[in-house]
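All remarks here apply to the structure that follows.
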Amino acid sequence: MASLLLASATVLLVCRSLPDERGIHTEVAQASSQPLASVPHIGPCPIFPADNVWNIPIDTLPKDPRADRYTDSIGPLKPLHPDFGTDMASGIPFTEAPPGTLPGTVTFDNREESDLGRYPIPPNAPIEGNRYSTDSDHHILVIDSERCLLYELWLARPQQDGWLAGSGIRMDLTSNALRTDGFTSADAAGLPILPGLVRYDEVASGQITHALRFTLPHTQKSHIWPARHDASHLMDANLPPLGIRFRLRADFDLSKYSKTNQVILTALKRYGMFLADNGSPMFLTGVPDRRWDDHDLHKLTAIASEDFEPVDESTLQILPDSARVDPVALKH
């Protein structure tokens, strides 16, 4: 798989002048220099710009006013569950499309909220679970590294002449553009999945510099920035909305955990995790990899939901349709 680049060189990232956040990869853009090591990368591609909300620390932001109610609704003793490991049918895999991969046809069940067009899915692209399981969301995540485009499918099923999928998105990884508000993605919150995954190469490098992704079984019929979509009929305001960000408490003691787990937990303190879908309680999503130590990862289940707190990041928003963060808000 792809590896994280940690060179100290600089790379030109696309920073489009607001309010133009359309994310069209070929448009003329004003380039600015950002340290390469400060931005998550897969191959040559940044996983969104340095000022994207996924890549911004939230350890100094205030708690959400409803933090205690949200935590109580989860159940304070629900354990954190790493939903990834050495089992290649666990977690959500991704792949890079080899140069020259021919785009194929995808037919969507939800055409209205999907990005139509052809998707460069390699013939052997890994599917979440496997191609034949019935208890999986069957996600496919593909990076076109030549153009730094991300393609994600939900409920993908191979056909003789292409693919069927429930929904799908195409996102420019150099852009801060969000999806149309009200539109789903390959995830319930209308967010991309890839930037929130725990990846082995990042952990092995010693740091994760972005927010992660998790699920809860019960959410309210609402979503907050940067989420674009909700997926619940429950009107209870004490339930967390999709898009809210939880962080591990600053006073949580990491010293008893392995170096590997400390990297994950440090990221949860500094960058937190976005509530991205309805699913099993406190399931933290990662990429399956033979190099994980399942026994060590299981020790994370000693951490309970009461060790986390929801964050109010509303002051970071500049525009409703952009994931770009207001740098002034980070100074307060």
Side-chain angles (χ1 to χ4, degrees), residues 1-5 11-14 16 22-29 40-49 88-89 91-134 136-180 183-187 190-197 199-201 285 287-290:
M1 278 216 187
S3 60
L4 178 69
L5 297 183
V11 64
L12 292 181
L13 300 182
V14 176
R16 295 170 176 79
R22 292 171 295 171
I24 301 173
H25 191 75
T26 56
E27 70 183 66
V28 176
H41 270 71
I42 295 177
C45 298
I47 308 302
F48 299 121
M88 301 309 288
I92 301 180
F94 73 94
T95 192
E96 292 183 65
T101 300
L102 296 178
T105 301
V106 181
T107 302
F108 294 105
D109 298 329
N110 185 353
R111 285 180 51 86
E112 293 77 12
E113 297 180 21
S114 295
D115 293 334
L116 305 182
R118 297 169 69 82
Y119 284 53
I121 304 172
N124 60 345
I127 302 177
E128 179 190 9
N130 61 56
R131 293 171 186 256
Y132 309 105
S133 64
T134 58
S136 165
D137 282 343
H138 288 189
H139 286 109
I140 291 181
L141 314 183
V142 177
I143 299 173
D144 178 347
S145 297
E146 292 183 298
R147 297 185 293 167
C148 290
L149 295 177
L150 170 65
Y151 297 83
E152 297 188 349
L153 298 178
W154 168 69
L155 206 60
R157 296 93 77 192
Q159 306 294 303
Q160 288 186 343
D161 57 349
W163 292 84
L164 292 177
S167 58
I169 63 168
R170 179 180 60 251
M171 296 192 77
D172 184 341
L173 290 170
T174 70
S175 169
N176 282 319
L178 294 173
R179 294 179 57 68
T180 301
F183 276 27
T184 189
S185 58
D187 219 355
L191 295 169
I193 294 171
L194 180 69
L197 299 179
R199 295 186 272 126
Y200 182 87
D201 287 340
T285 317
V287 179
D289 197 299
R290 304 287 188 195

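Computed over heavy atoms, backbone and side chain alike; hydrogens, waters and symmetry mates excluded.
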Any residue meeting side-chain contact (heavy atoms from CB on, under 4.5 Å) with Pro99, in chain and number order, not counting sequence neighbours
Glu146
Do the non-hydrogen side-chain atoms of Ile42 and Ile47 ever get within less than 4.5 Å of each other?
yes
May I ask you to decide if Gly129's main-chain N or O and His138's side chain share a donor-acceptor pair within less than 3.5 Å?
no
Nearest-0.5 Å distance, CZ of residue Arg147 to SG of residue Cys45:
11.0 Å
Test of understanding: with side-chain hydrogen bond (donor to acceptor under 3.5 Å, both in side chains), list the residues that count as partners of Arg179, not counting sequence neighbours.
Asp115
Could you tell me whether the side chain of Leu149 reaches within less than 4.5 Å of the side chain of Val142, counting heavy atoms only?
no
Any side-chain heavy atom of Leu141 sitting closer than 4.5 Å to one from Ile193?
yes
What residues, two or more places apart in sequence or in another chain, satisfy side-chain hydrogen bond (donor to acceptor under 3.5 Å, both in side chains) together with Thr285?
Arg213
Taking the side chain as every heavy atom from C-beta outward, state whether Ile169 and Ser114 have any pair of such atoms under 4.5 Å apart.
no
Residue pair Tyr151, Ile121: steps toward the side-chain contact (heavy atoms from CB on, under 4.5 Å) verdict:
CA-CA 9 Å; Tyr151 297 83; Ile121 304 172; over 6 Å; no
Establish, from distance only, whether the side-chain atoms of Glu113 and Thr184 form a donor-acceptor pair under 3.5 Å.
no
Quick one: does Cys148's side chain get under 4.5 Å of Pro46's, heavy atoms only?
yes
Is there side-chain contact between Met88 and Pro93, with heavy atoms separated by less than 4.5 Å?
no
Counterpart residues, side-chain contact (heavy atoms from CB on, under 4.5 Å), relative to Thr101 (two or more places apart)
Ala97, Pro98, Pro120
Applying side-chain hydrogen bond (donor to acceptor under 3.5 Å, both in side chains) to Thr107 and not counting sequence neighbours gives none
By side-chain contact (heavy atoms from CB on, under 4.5 Å), Arg111 pairs with (sequence neighbours left out) Phe108, Leu116
How many angstroms lie between CG in Asp201 and NE2 in His41, if you round to the nearest 0.5 Å?
14.5 Å
Taking only residues two or more places apart in sequence, or in another chain, which ones meet Asp137 in a salt bridge (Lys or Arg N to Asp or Glu O under 4.0 Å)?
none
Do the side-chain N and O atoms of Thr174 and Asp172 include a donor-acceptor pair separated by under 3.5 angstrom?
yes
Would you say the side chain of Thr105 lies within less than 4.5 Å of the side chain of Trp163, judging by non-hydrogen atoms?
no
Got Phe94 and Ile143 here, is their nearest side-chain heavy-atom distance under 4.5 Å?
yes
Separation between CG (Leu150) and OG (Ser175), nearest 0.5 Å, reads 12.0 Å
Which pair of heavy atoms, one from Leu153 and one from Gly168, lies closest together, and at what distance?
CD2-CA, 3.9 Å
Would you please name every residue forming a side-chain hydrogen bond (donor to acceptor under 3.5 Å, both in side chains) with Tyr119, sequence neighbours left out?
none
Pairs satisfying salt bridge (charged side-chain N to carboxylate O under 4.0 Å, His left out), at least one member in residues 116-126, at least two apart
none
Residue pairs passing the side-chain hydrogen bond (donor to acceptor under 3.5 Å, both in side chains) test where at least one lies in residues 152-162, sequence neighbours excluded:
Asp109-Arg157
